[in-house]
Protein chains: 2
Amino acid sequence: MKYTEKLRNSGLRPTKQRLQICEVLFDTEKTFHFTINELSLKIKKQIDNKISLATIYNTVHAFEKKGYLKQIPINSNETYFDTNVCDHHHFYDLKKEKLIDLENADVGPIDIKRKIDGKKIKSVEILVKLED
Amino acid sequence: MKYTEKLRNSGLRPTKQRLQICEVLFDTEKTFHFTINELSLKIKKQIDNKISLATIYNTVHAFEKKGYLKQIPINSNETYFDTNVCDHHHFYDLKKEKLIDLENADVGPIDIKRKIDGKKIKSVEILVKLED
DNA sequence: ACACTTTTTTAGAATCATTATAAACTACAT
DNA sequence: ATGTAGTTTATAATGATTCTAAAAAAGTGT
């Protein structure tokens, strides 16, 4: 199996459910954004057996911790995740409530001049809100 | 009263509760970040009478709609607000779960090269996550 | 001041995403 | 094959937020 090694190397047992969730998340042409609810529906469509909601939550969080998924900082009652874990930014269409990827080339270099003692920058994320 | 006019001009009746919440939010040396829960505690400390939680929610949302408060896009189970409504960005200390303002001078100019047809940019917000 | 309309406040209930629980199940090392 | 540590699962619990509908307050005209 394609993802068995990847999971084992991360200290995650390659269970049937995790491998199936890997397929739904990573066997795609393009990366995509999702909420747990959306992912849950996608899984129902693509997989015969049922995977419980708790497992989907657990798995998504495990993958996020391992760096296979990223949370997108946005104010919404649902948490958004991204299968694109490269450094990149987002448009957020306020009307449609839709996220759009910004390629790195779409954003000029970002210069954070201030430093905080004893802390280092883990990530820099830009959210560009769009209106009509 | 200091805030009576401001409220009336926004089409909000200057009720006792709203005026008191204005005092807590805006009668301060510095701007600050808060969750509804934190604000609720702050109000309890500073004000004699009780203001119901529903009113705090209503008022904060009304103020946000009028542009007197800003929501901070961040992944948290609680929504964060900012009394600093000038364009600016944030550090987020992952360990302490604390937001820190970045002055505009702390960040070099941001160049968003991509355009989306029929949409205009409403805001550009940067979240810089900090780790140890 | 009074009557009337509209807005606001309020306590409590409802909602809904997420997390916790604890029992059944599975992967994997020995 | 057996043991054990890690997983899955259905369900319950949690907790932030929103809804509801009745009471209170604000605004308006008289």
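Below, chains carry the letters A, B, ... as their sequence lines are ordered, and counting in each starts from 1.
Taking atom CG of residue B:Leu12 and atom P of nucleotide C:dT7, one finds them 12 Å apart after rounding to whole Å. Separating the CG atom of A:Leu39 from the P atom of C:dA17 is a distance of 14 Å, rounded to the nearest angstrom. Nucleotide C:dT8 holds its P atom 16 Å from the NE2 atom of B:His61, rounded to whole Å. Nucleotide C:dA20 holds its C1' atom 17 Å from the CD1 atom of A:Ile56, rounded to whole Å. Atom C1' of nucleotide C:dA14 and atom CG of B:Leu53 are separated by 15 Å, given to the nearest angstrom.
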May I have the step-by-step check of side-chain contact (heavy atoms from CB on, under 4.5 Å) for B:Ile112 and A:Asp106, ending in yes or no?
CA-CA 6 Å; B:Ile112 308 294; A:Asp106 295 333; 5.9 Å; no
Could you check A:Thr79 against A:Thr35 for side-chain contact (heavy atoms from CB on, under 4.5 Å), going step by step and ending with a plain yes or no?
CA-CA 6 Å; A:Thr79 305; A:Thr35 62; over 6 Å; no
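Close approach of DNA chain D to chain B, defined as any atom under 4.0 Å from a non-hydrogen atom of the protein, starts and stops at D:dA16 to D:dG27.
Using a 4.0 Å cut-off, no side-chain N or O of A:Thr79 falls inside it from OP1 or OP2 of C:dA17. For C:dT19, the OP1/OP2 oxygens have no side-chain nitrogen or oxygen of A:Tyr57 closer than 4.0 Å.
At least one cation-pi condition fails for B:Lys70 and B:Tyr80: the charged atom is not both under 6.0 angstrom from the six-membered ring centre and inside a 45 degree cone around its axis. B:Phe26 does not carry B:Lys2 over the face of its six-membered ring by the limits of under 6.0 Å from the centre and within 45° of the normal.
Atom NZ of A:Lys115 has more than 12 neighbouring heavy atoms from other residues, nucleotides or ligands inside a 6.0 Å radius. Heavy atoms from other residues, nucleotides or ligands lying under 6.0 Å from NZ of B:Lys113 number more than 12.
The C1' atoms of five pairs define one axis at each end of the helix from C:dA1-D:dT30 to C:dT30-D:dA1, and these two axes lie 30° apart (to 10°).
Residue-level contact check: B:Asn58 touches the bases, meaning some heavy atom is under 4.0 Å from a base atom.
Of the N and O atoms on the side chains of A:Ser76 and A:Glu78, not one donor lies less than 3.5 Å from an acceptor on the other residue.
No donor-acceptor pair under 3.5 Å is formed between the side chain of B:Thr28 and the backbone N or O of B:Val24.
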Give each protein N/O atom lying under 3.5 Å from an N/O atom of nucleotides 24-28 of chain C, with the pair distance.
from: C:dA27; atom 1: N3; to: A:Arg13; atom 2: NH1; distance (Å): 3.2
from: C:dC28; atom 1: OP1; to: A:Arg8; atom 2: NH1; distance (Å): 2.3

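Aromatic ring pairs are classed by plane angle as parallel below 30°, tilted from 30° to 60° and perpendicular above 60°; the pair B:His90 and B:His88 is perpendicular.
Taking each heavy atom of A:Ile74 and B:Pro73 in turn, the nearest pair found is CA-CB, 4.1 Å.
Each of B:Asn77 and A:Thr55 was matched to the nucleotide of DNA chain D holding its nearest heavy atom; the match closer to the 5' end belongs to A:Thr55. Place A:Glu78 and B:Asn49 on DNA chain C by their nearest nucleotides, and B:Asn49 ends up nearer the 5' end.
With respect to the salt-bridge test (charged N to carboxylate O, under 4.0 angstrom), the residues B:Lys129 and B:Asp93 do not qualify.
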